Amino acid sequence: MSDQGVIGGLVPGTWHTYRPRMFTAGNGGEVQPVLDDVGDVKYQFGRYNLIDKSLVVCEFQTQFIGAFSIGSGSAYVFELPFPAKRWSGYGSEARIPIGSGMCYLSFYNAPNPALNIPVIPTLADPFPSLGGGENRFFQAYAPYIYDSGTFTFKNAGSGGTTTQTFTHDAKFAFASRDIEIVCGITSGNTWWPLAVNNITSTTFDLVSPQGTPNVNVTGSYKIRAEPPTGQFGALVSPIVPFDWARAMTLSPFGNFFFHLIYEAA
Amino acid sequence: MNRGNLLGLGAELAWRNYDPKLAGFVAPAHTAPTQPAVGGTATAQGRFVKTASGLVVCQGRIVFDSNSTFGSGDDVWGVSLPFPANRSSGGADEPLGVGWAWQGTGAAPQLSMQLVPTLMDALQFGGQQSNEDYYLQLFNPYLLSTGTGAFTSGSTTVTVTHGLGHTPAAYDILVVPTNSPSTAPGEIYVDTIGSSSFAVHVRSSATTTPVTFAWKVRAEPNSSASFDLLVNSLRPWAWASGHQLSWHVTYEARR
C-alpha cells in the first residue's frame, strides 16, 4: 500500500545517538571550546536516522553549561554523524541550507532577554584549520549580531562632558544605524538628541552637542547589527550572534540546536 | 521489504538536477509584471531526490550577478519546483523547509535573513493561473534597508530613499545622528513616509557643519503593499548582483 509520500514506518530503533562535538575553525590559531559532559548528565545530545545508507536526518544539541569555555576563532563548526557529500564539488564552499537551527541563551535573569536567534546551517567552508576535513562539519549563518546594556550620561558636576565613551559587547565595530539609544529620567535642561560616534570593537561615544544634562541621565542601548562584510562576518562563532561568554555555569545556558537533512558521503 | 525507510534510494542517493525558474506573480486582475531574469552567467541550480512513494527533497540556489534583472510590478516571486506539489489541505502557507536570503560575503554589511518557504498562493503569472502547485513562495519576517544621510547647509529637511517598495511605519525607522553639528539641531524626527522614501527633519538647521546620520528601516510587513510578507523584487530588500536566494524543502509530489 502506498504511503502517499510520507516517511512511513520509522519503527523504534532506527534512531541512533551520537555525541556531537563543536570546534572553532578559521585560518589558524584557534582556541577550542570546552564542553562539559559530566557523569550521567548528558548536555550534549545528537541523534540521527540513516535512510537507506545515504540520507541522514540529524538532530543536534550542544550546550555551554557547567564547566565550559567558549574558545576563540573565526567560526564555530559542528560535527556531523557522517561526512557529507557535497553537491557542488568536493572541498568547495557549498552554502546551501541543510536544515534549521537556533542559538538560544536560556534561563537568562531578567531584565536580560532570553536570546533566541534562528540561524541557517550549511556545510562548513574549507577553513584551513580543518585540514581538508570540512565535509565532516557544518556551520551556521546568523541574521544579526546582538548586544544590549545600560549607560549613565553624566552631568558636568559628576565629571561628564559633551562626549562620553561607553563599552559594548558586540565585539566588532558595528554601524551607527545598528544601535538604538533610549534615555531614562528627564534632565531639567535641553541636552538631546544624542549622536553616536567613534564606534570601535569595544566602545562607542555618545555626543550631546547641546551640552551636558543637569542631572546624570541613565539610559540603555540595544545593538542589533547586520553582520559585517567578509567570510566570517555572519558565521556563528564565539561572538556571533552574541558573545557566548554571557553563558554561565549555572545560568544562563548557551545552547545550539539544529535539525538537518543531508546526504552522507 | 519496506523497513520503514525511504524506498528507491539505493546505495547512492539518486539526486537529479533541474533548472529552477524564478518568476514574478501578481494577484488576479493585476497587470502582468516585468519578469526577473537570472542572467546567462548567474547561478541557478536545483537538485532533488524523489522517492518511489512520492516524497521530494529539493535544494537549490540562485546567485545573481551583473547580468541579472529583478523584474518589477510583481507581488510575489515564485521559485519553480521539480515536480508539482500535492497540497496537504487545499491551501498553502505550511512551511516546507527553510529558505535564505543573503547578500554574500562581499556585501557591507552582508544582510542575511531566514525565510519560510511555502507552496505558492493562487496568483497570476502573465495571465496564466492554476500553476501555483509548481512554485514555492518565501515569507520574509521583516523588510530591511540601511544607509546614511546628511542635511545640507541651512536645511531642516532631507529626504531619504529607502527603496523597499513598502511603506514602513514610523517605529520601523531608526535615525541615528553621527556628528556634532555646528548648531544644536533640537528634535530630530521623521514624517512623510512613503513606499520609496521618508523625510528626516531637525528643528534647527546648521550652516557650517550640518547634521549627518545613519538610518535603518527594519519594517514588519504591514499590508502597505500587496503581499508584503512575501519575497519579491524589492523584498526583503532591493536585490542586486552578488545576492543569493536559496532553499531546502521537503514535500509530496502530486500524483
Side-chain angles (χ1 to χ4, degrees), chain A residues 2-11 14 51-55 85 87-88 95-100 118-122 141-144 162-163 174-181 190 192-197 207-211 224-234 261 263-264, chain B residues 2-7 9-13 15 45 47 49 51 53-57 59-61 86 97-100 102 105-114 144 146-148 174-181 184-188 211 213-216 218 244 246-248 250 252-253:
Chain A
S2 166
D3 65 2
Q4 299 179 310
V6 179
I7 303 178
L10 281 175
V11 298
T14 56
I51 310 297
D52 203 21
K53 301 181 183 179
S54 296
L55 191 69
K85 184 174 182 179
W87 172 15
S88 54
R95 299 187 180 114
I96 302 291
I98 57 172
S100 59
V119 294
I120 295 182
T122 74
Y141 284 85
Y144 56 86
T162 55
T163 298
F174 53 87
S176 304
R177 56 190 172 238
D178 291 329
I179 185 169
E180 298 177 51
I181 303 292
T190 301
W192 49 267
L194 291 171
V196 179
N197 210 347
V207 182
S208 173
Q210 303 192 108
R224 205 172 185 286
E226 313 311 322
T229 189
Q231 180 183 11
F232 307 115
I261 298 178
E263 180 184 2
Chain B
N2 180 356
R3 292 171 292 177
N5 294 328
L6 293 174
L7 296 174
L9 290 176
E12 180 176 309
L13 281 180
W15 290 102
Q45 294 175 303
R47 69 171 187 168
V49 170
T51 72
S53 55
L55 193 70
V56 180
V57 178
Q59 296 177 325
R61 64 174 178 171
N86 186 30
V98 63
W100 183 28
W102 177 46
T105 59
Q110 53 172 302
L111 303 187
S112 172
M113 185 183 301
Q114 184 168 335
L144 192 56
T146 66
T148 57
L174 176 65
V175 176
V176 180
T178 54
N179 69 340
S180 183
E187 184 182 1
I188 296 179
V211 169
F213 58 91
W215 61 268
K216 180 188 297 188
R218 195 181 185 278
Q244 173 176 314
S246 54
W247 59 95
H248 177 113
T250 304
E252 180 183 2

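Here is how names work: the chains are called A, B, and so on, in the same order as the sequence lines, proteins then strands, and each is numbered from 1. Every heavy atom of this structure was used, including side-chain atoms; hydrogens, water molecules and symmetry mates were not. All of these numbers come straight from a predicted model, not from anything done at the bench.
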Distance col, row A:T122:OG1 vs B:W100:CH2, nearest 0.5 angstrom, shows 6.0 Å
So, the part of A:L194 with a heavy atom under 4.5 Å from chain B: the answer is backbone
So, the part of A:A234 with a heavy atom under 4.5 Å from chain B: the answer is both
Between B:A214 and B:T178 the two heavy atoms that sit nearest each other are N-CG2, 3.8 Å
Cut-off 4.5 Å, heavy atoms of chain A, and the answer for B:W102 is side chain
* Show your reasoning for whether side-chain hydrogen bond (donor to acceptor under 3.5 Å, both in side chains) applies to A:E263 and B:W15. => CA-CA 10 Å; A:E263 180 184 2; B:W15 290 102; 2.4 Å; yes
When the 4.5 angstrom heavy-atom criterion is applied to B:E187 and chain A, the contacting part is both
Scored by heavy-atom pairs under 4.5 Å with chain B, the best of A:V119, A:T163, A:D178, A:V207 is A:D178
Of all heavy-atom pairs linking A:P227 and A:G233, the shortest is CB-O, 3.6 Å
Between the CZ atom in B:R61 and the NE2 atom in B:H248, the distance rounded to the nearest 0.5 Å is 15.0 Å
Of the listed A:I120, A:I179, A:N197, the one with the largest count of heavy-atom pairs under 4.5 Å with chain B is A:I120
Here the pair of heavy atoms bringing B:Q59 nearest to A:P97 is NE2-O, 3.9 Å
If one checks every heavy atom of A:P228 against chain B at 4.5 Å, the contacting part turns out to be backbone
